[in-house]
Amino acid sequence: MTRQVQRDPETTISRRSLVQGLALVAGATAAGTGNALAQSGQAEPPTTITSPPRDFSPRGAPTTYFWDPDIIAVDSSFNDLAQPNTAITRLHTGLLWAEGPAWSAQGRYLLWSDIPNNRQMRWSEDDGHVSVFRSPSNNSNGNSFDFQGRQLSCEHLTRRVTRYENDGTATVLADAFGGKKLNSPNDVVPHPDGSYWFTDPPYGGQLYEGEPDVAGGASNPGGKLNPRIGQPAGFVPGKRELPTNCYRIDPSGRIDLVVSEDQVPDPNGLAFSPDYKKLYVASTGKGPGDTGPGGKGDVYVFDVGADNKLTNQKRFSDCMIDGVNCGPDGVRCDVNGNVWLSSNAGRHVGYNGVTVWSPAGQLIGRIRLPEVCGNICFGGPKRNRLFMAASQSLYAVYLATQGAAPG
């Protein structure tokens with residue numbers, strides 16, 4: 001027999017209300033606008049901004065008070081996106097520059113690039129095992145999975161976009177435009193119509209992350225660097241020939257220019273809105289030998305027409321928070337249209353990690369990491385876990401929302 005207890009509706013507090021209240025307290029404390037926990041005599045958990053800083057490894061002290069202290073609700077709407085009772089976790093470290101995380105829904109693993117080490121890594125969801133997935137990787141940067149579960153990779157060394165087929169073969173999707181070699185494809189996203197959209201900044205021209213130009217090229221004007229050192233026999237180095245643009249690969253194989261350098265200089269991460277009617281493109285700083293306008297660390301948004309033409313360009317955000325430019329790189333959208341951006345704030349402790357913006361461009365939340373964050377993706381069996389490729393490490397945190405697109 002079940003005993004029923006009557007509750008006074010005016011005094012009953014729901015668990016959700018309690019969690020939201022605690023989240024606001026934690027957010028206010030972390031943002032420096034309050035210190036309710038300290039006033040009550042309770043010790044605050046360590047964060048990225050404490051000294052010594054928080055240990056994100058399994059050996060670190062647990063986070064308390066329901067809400068991770070490095071997840072900050074700038075606006076109350078973020079409480080419906082962040083997940084209480086969970087913590088930011090470092091899954092792996094020991095990389096040189098982590099980039100391009102992508103989730104394989106079929107394989108239930110996370111794939112990402114370790115660019116300078118010329119390899120792709122894999123984290124398995126079943127037991128947390130990390131292994132080398134592909135080596136060499138042609139200094140791959142951005143990765144994604146299309147609607148057929150095929151892996152897409154942007155390769156710095158070969159200056160191309162490659163698709164790995166389900167039968168184990170590889171297909172070069174794009175390596176040139178208008179008869180000229182691409183610079184160094186950076187990030188790629190699939191579209192339901194079978195097309196792929198990608199950015200082509202010049203960052204692969206760095207000795208550290210790919211292949212310098214031949215003598216006289218933009219990233220090797222004096223010719224003192226030898227791009228063939230460390231490469232296999234027969235390797236033919238290239239030279240920058242194109243502006244920094246965004247392109248669309250049609251299902252027929254045709255490559256179209258969709259965003260020019262004049263519109264978005266040095267394009268980096270990109271993502272579609274959940275309804276595929278908007279395209280977000282991050283604009284980052286100048287690359288090696290870049291003589292163009294150079295990005296300013298902001299994000300632009302375009303309307304996507306039925307003819308795949310982009311119109312109505314607007315600056316979505318300047319990514320300035322408390323006077324600090326939280327330089328965007330990777331871009332992803334959740335199912336509600338909120339825009340999640342990786343943050344590179346350099347030496348500004350407490351501003352590296354992830355920033356979250358409403359579809360209207362309002363800052364609503366932040367996730368602080370102890371390292372510069374290069375790229376992000378949604379994944380996990382329910383697509384409710386945010387994976388963050390940050391400098392030397394891979395981090396993850398569960399959310400109360402889902403990513404809007406595969407991979």
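Being a predicted model, the structure only gives us computed values, none of them experimental.
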Check: His191 ring centre within less than 6.0 Å of Phe272 ring centre
yes
Would the number of heavy atoms belonging to other residues, nucleotides or ligands and lying under 6.0 Å from NZ of Lys296 be above 12?
no
Only one of Arg240, Lys239, Arg159 clears salt bridge (Lys or Arg N to Asp or Glu O under 4.0 Å) with Asp213; which?
Arg159
4.5 Å side-chain heavy-atom contact, Thr86 and Pro84:
no
Got Pro359 and Asn338 here, is their nearest side-chain heavy-atom distance under 4.5 Å?
yes
Please determine, by modelled atom types, if Thr158 and Glu155 share a side-chain donor-acceptor pair under 3.5 angstrom.
yes
Salt bridge between Asp303 and Lys277, side-chain N to carboxylate O under 4.0 Å?
no
So how far is it from Asp70 CG to Ile49 CD1, rounded to the nearest 0.5 Å?
7.5 Å
For the pair Gln313 and Thr311, evaluate side-chain hydrogen bond (donor to acceptor under 3.5 Å, both in side chains) and give the outcome as yes or no after the intermediate values.
CA-CA 6 Å; Gln313 176 183 354; Thr311 59; over 6 Å; no
So if I apply the ring pair (Phe, Tyr, Trp, His ring centres under 6.0 Å) rule between Trp123 and each of Tyr109, Phe133, Phe387, which one comes out positive?
Phe387
On the ring face of Phe378, is Arg383 found with NZ or CZ under 6.0 Å from the centre and within 45° of the axis?
no
Asp262 versus Ser260, side-chain donor and acceptor atoms under 3.5 Å:
no
If we check ring pair (Phe, Tyr, Trp, His ring centres under 6.0 Å) with Tyr280, which of these qualifies: Trp357, Tyr300, Phe316?
Phe316
Find out whether the Lys NZ or Arg CZ of Arg134 is both under 6.0 angstrom from the six-membered ring centre of Tyr164 and within 45° of the ring's axis.
yes
Which residue in the set Glu99, Arg119, Gln120 passes side chain to side chain donor-acceptor pair (under 3.5 Å) when paired with Ser140?
Gln120
Is any side-chain heavy atom of Phe302 closer than 4.5 Å to one of Gln263?
yes
Please confirm whether the backbone N or O of Asn138 pairs with a side-chain atom of Asn118, one donor and one acceptor, at under 3.5 Å?
yes
Step-by-step salt bridge (Lys or Arg N to Asp or Glu O under 4.0 Å) determination, Asp126 to Arg108
CA-CA 8 Å; Asp126 55 352; Arg108 291 179 67 154; over 6 Å; no
Apply side-chain hydrogen bond (donor to acceptor under 3.5 Å, both in side chains) to residues Ser342 and Asp329 and explain how you reach the verdict.
CA-CA 6 Å; Ser342 66; Asp329 192 329; 4.9 Å; no
Leu279/Leu310 under side chain to side chain contact (heavy atoms under 4.5 Å, CB included): CA gap, chis, key distance, verdict:
CA-CA 8 Å; Leu279 178 71; Leu310 301 182; 3.8 Å; yes
Would you tell me whether Thr171 and Glu165 have side-chain atoms, one donor and one acceptor, within less than 3.5 Å of each other?
yes
Expected output: side-chain Asn183 to main-chain Tyr203 donor-acceptor under 3.5 Å:
no
Distance-only polar pair, side chains of Asp334 and Trp340, donor-acceptor under 3.5 Å:
yes
Do Tyr247 and Asp256 pair up side chain to side chain, a donor and an acceptor below 3.5 Å, judged on atom types alone?
no
Distance only, no hydrogens: is a donor on one side chain within 3.5 Å (strictly under) of an acceptor on the other, for Arg366 and Tyr351?
no
Would you find more than 12 non-hydrogen atoms of other residues, nucleotides or ligands less than 6.0 Å from Phe177 atom CZ?
yes
Is it true that the side chains of Asn268 and Thr199 contain a donor and an acceptor less than 3.5 Å apart?
no
Residue of the set Val356, Thr355, Val74 for which side chain to side chain contact (heavy atoms under 4.5 Å, CB included) holds with Ile364
Val356
Any ion pair linking Asp175 and Arg160 (charged N to carboxylate O, less than 4.0 Å)?
no
